[in-house]
2 protein chains.
Amino acid sequence: MTRGSAPFAGQQALPGGYVHTDEDQDTEATARRVLLEKLGLRDILCEQVATFSSADRDPRGWSASVTYFAVISLQDFESVDQATNLKWVPLTNPGKLAFDHAEICQHVHRRIQSKAIYSTLPAWFLPKHFTLAELRQTYERLSGQSLNDSAFRRKVRELDMLAEVEGAKSKDTARPAQLYRLKEAKLTDFDRKI
Amino acid sequence: MTRGSAPFAGQQALPGGYVHTDEDQDTEATARRVLLEKLGLRDILCEQVATFSSADRDPRGWSASVTYFAVISLQDFESVDQATNLKWVPLTNPGKLAFDHAEICQHVHRRIQSKAIYSTLPAWFLPKHFTLAELRQTYERLSGQSLNDSAFRRKVRELDMLAEVEGAKSKDTARPAQLYRLKEAKLTDFDRKI
DNA sequence: ATAATAGTGTCTTTCAGACAGTATGAT
DNA sequence: ATCATACTGTCTGAAAGACACTATTAT
């Protein structure tokens, strides 16, 4: 978002805000409040990344930021009110950002990249129902490595992470594809690569 | 350590301290300062775990703790001044602790367990020089799974993580074992299990 | 020599990748 | 029919586990 006030006024920065100790139970509640207030998003995947602190990351003095990443689907992305001064940038190349926010992006990118093939994380970038091809492509883009289609289907079956959406088929391709949804309503980790 | 003052006076708690914004560059510097002041330890492996926060984890009001775990060898352990009121407890069963420190231990345990087989972390629990048997046993204890000795040696070789300590042999066993040291002076991650 | 642990070589099993082949819809 | 993509089955190669075997020291 474009910063309205000093320091770094006019520059791009990640959305954030101060903890309101009177209303926020913890820092995750703060993150979710900011997501709702600034972006109108609620009930989305949101996970703590790390705490960035130092004497000089903010010219006003010593500071610490507890950072979270949130994942939304393309659908949620399109529903975000475009009247906000929100600007979307690629995580891998966010351009110049205020404070140490570029470093934070790098950290988040590494986290997502390393977590992608060990969890259901990529599925959260998709709508509730998706095809196996879409899921595999998302795994590939997030992890940065290409996956064998046949082996991917085998592992998805073995990990027992998806449920068929009865009778639902994608119509986007030559042959309609079965639609699936995550079995678990939360992010689950695997003990091996997908 | 045993807490000297309220809240939770007399109870066991993890060593910690407030950030001194005038002398600590960041929270890791705070962690290292506390390690030095309270335990006399310096230059040890120390990594951020997560930030624990909530309105009720401290009866005095809303609070946040940026937590770190530190790893020392048995040798360092024995050099810690036993005059401090430090008490060592198993991470898996720390007993009753002040604040949410038991929860923090659980979190650290999960972190170490999941990181063990994907990094050189276990080697940091050992002295600078160690045998392959010692290293494998440490991997086994930290990860909670037994490892095949032959495969372990193969992977250690492939990962190119160790260097022989020329002419140095352990004398603890029937046949003396070659001593090794880590090639890298820092924690390195693997992209597969050891 | 025997015991005990270190270290090696090889066989077997398991798992991931390749890829051919079939299935199902649109044109 | 043919094209395009979905999905399946099977072969192959690589990696992990099992385990027998040799090596080196102490007793």
Side-chain angles (χ1 to χ4, degrees), chain A residues 114 116-120 122-123 126-127 129-182 189-194, chain B residues 114 116-120 122-123 126-127 129-182 189-194:
Chain A
S114 69
I117 45 175
Y118 289 105
S119 72
T120 57
L126 292 171
H129 298 170
F130 46 80
T131 68
L132 289 181
E134 288 165 350
L135 184 63
R136 178 173 49 74
Q137 285 156 17
T138 309
Y139 268 98
E140 288 175 335
R141 264 181 297 174
L142 292 185
S143 70
Q145 54 195 266
S146 69
L147 300 172
N148 182 279
D149 178 63
S150 166
F152 182 78
R153 288 166 186 273
R154 203 160 42 206
K155 287 181 212 166
V156 161
R157 201 181 320 128
E158 285 167 6
L159 289 167
D160 195 35
M161 57 187 271
L162 300 185
E164 286 190 5
V165 181
E166 293 299 333
K169 304 270 181 177
S170 153
K171 299 253 176 196
D172 300 341
T173 53
R175 171 177 169 180
Q178 178 62 48
L179 288 177
Y180 292 87
R181 61 175 175 77
L182 283 175
D189 293 305
F190 316 142
D191 52 358
R192 58 169 184 175
K193 294 183 183 179
I194 199 164
Chain B
S114 69
I117 45 175
Y118 289 106
S119 73
T120 58
L126 293 170
H129 298 170
F130 46 81
T131 68
L132 289 181
E134 289 165 350
L135 184 62
R136 180 173 48 75
Q137 285 155 16
T138 309
Y139 268 98
E140 289 175 334
R141 264 181 299 173
L142 292 185
S143 70
Q145 54 196 266
S146 69
L147 300 172
N148 182 280
D149 178 64
S150 167
F152 182 78
R153 288 167 186 273
R154 205 161 40 205
K155 287 182 212 169
V156 161
R157 201 180 321 126
E158 285 167 4
L159 288 167
D160 195 36
M161 56 187 272
L162 300 185
E164 287 189 5
V165 181
E166 293 299 332
K169 303 271 182 178
S170 153
K171 299 248 174 201
D172 301 341
T173 53
R175 172 178 169 179
Q178 178 63 48
L179 289 177
Y180 292 88
R181 59 175 175 80
L182 282 176
D189 293 305
F190 316 141
D191 53 358
R192 59 169 183 172
K193 293 183 182 179
I194 198 164

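Chain naming here is simple, since letters A, B, ... match the order of the sequence lines and numbering starts at 1 in each. Small disclaimer: the values here were computed from a predicted structure and weren't measured.
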Using whole Å, report how far [atom1] of [X] lies from [atom2] of [N].
X: B/D191; N: C/dA16; atom1: CG; atom2: C1'; answer: 15 Å
X: A/R136; N: C/dA16; atom1: CZ; atom2: P; answer: 16 Å
X: B/R157; N: C/dT8; atom1: CZ; atom2: C1'; answer: 9 Å
X: A/I117; N: C/dA16; atom1: CD1; atom2: P; answer: 12 Å
X: B/L147; N: D/dG17; atom1: CG; atom2: P; answer: 8 Å
X: A/Q178; N: C/dT24; atom1: CD; atom2: P; answer: 13 Å
X: B/L179; N: C/dG7; atom1: CG; atom2: P; answer: 9 Å
X: A/L132; N: C/dT24; atom1: CG; atom2: P; answer: 16 Å

Out of [options], which has the shortest distance to the side chain of [X]?
X: A/T173; options: D/dT25, C/dG7, D/dA6; value: D/dA6
X: A/R154; options: C/dG17, D/dA4, C/dG7; value: C/dG17
X: A/A151; options: D/dT5, D/dG9, C/dA16; value: C/dA16

Is it the case that the side chain of B/Q145 and the backbone of B/Y139 share a donor-acceptor pair, with hydrogens and angles ignored and the cut-off at 3.5 Å?
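Checked: no pair found.
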
Checking side-chain contact (heavy atoms from CB on, under 4.5 Å) between A/L159 and each of A/D191, A/T120, A/I194, which is the one that passes?
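The passing option is A/I194.
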
Just so I know, are the side chains of B/Y118 and B/K193 near enough to count as touching, which here means a heavy-atom distance under 4.5 Å?
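Yes, side chains in contact.
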
At under 4.0 Å, does any side-chain N or O of B/R153 touch on OP1 or OP2 of C/dG7?
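Looking at the OP1 and OP2 atoms of C/dG7, one of them is under 4.0 Å from a side-chain N or O of B/R153.
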
Output yes when at least one side-chain N/O atom of A/N148 is less than 4.0 Å from OP1 or OP2 of C/dA18, else no.
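It does, given that an N or O in the side chain of A/N148 lies less than 4.0 Å from OP1 or OP2 of C/dA18.
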
Quick check: on DNA chain D, is the nucleotide nearest B/P176 upstream (toward 5') of the one nearest B/K193, or the reverse? Name the residue that is more 5'.
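The residue closer to the strand's 5' end, by nearest nucleotide, is B/K193.
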
Find which nucleotide of DNA chain D each of B/K169 and B/R192 is nearest to by heavy atoms, and output the residue with the more 5' nucleotide.
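That would be B/R192.
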
When rounded to the nearest 0.5 angstrom, what distance separates CZ in A/F190 from CE in A/M161?
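CE of A/M161 is found 4.0 Å from CZ of A/F190.
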
Rounded at 0.5 Å granularity, tell me how far OG1 in A/T131 sits from NZ in A/K169.
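Between atom OG1 of A/T131 and atom NZ of A/K169 there are 11.5 Å.
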
Sugar-phosphate, base or nothing in reach of A/K155, heavy atoms under 4.0 Å:
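Touches sugar-phosphate only.
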
If you assign each of B/A174 and A/E158 to its closest nucleotide in DNA chain C, which residue comes earlier from the 5' end?
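The answer here is B/A174.
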
Is any N or O donor-acceptor pair between the side chain of A/R175 and the base of D/dA4 shorter than 3.5 Å?
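Counting by modelled atom types and ignoring angles, no donor-acceptor contact under 3.5 Å is found here.
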
Distance-only donor-acceptor test, B/S150 side-chain atoms vs C/dG9 base atoms, 3.5 Å
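Between C/dG9 and B/S150, which were checked side chain against base, a qualifying N/O pair under 3.5 Å is present.
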
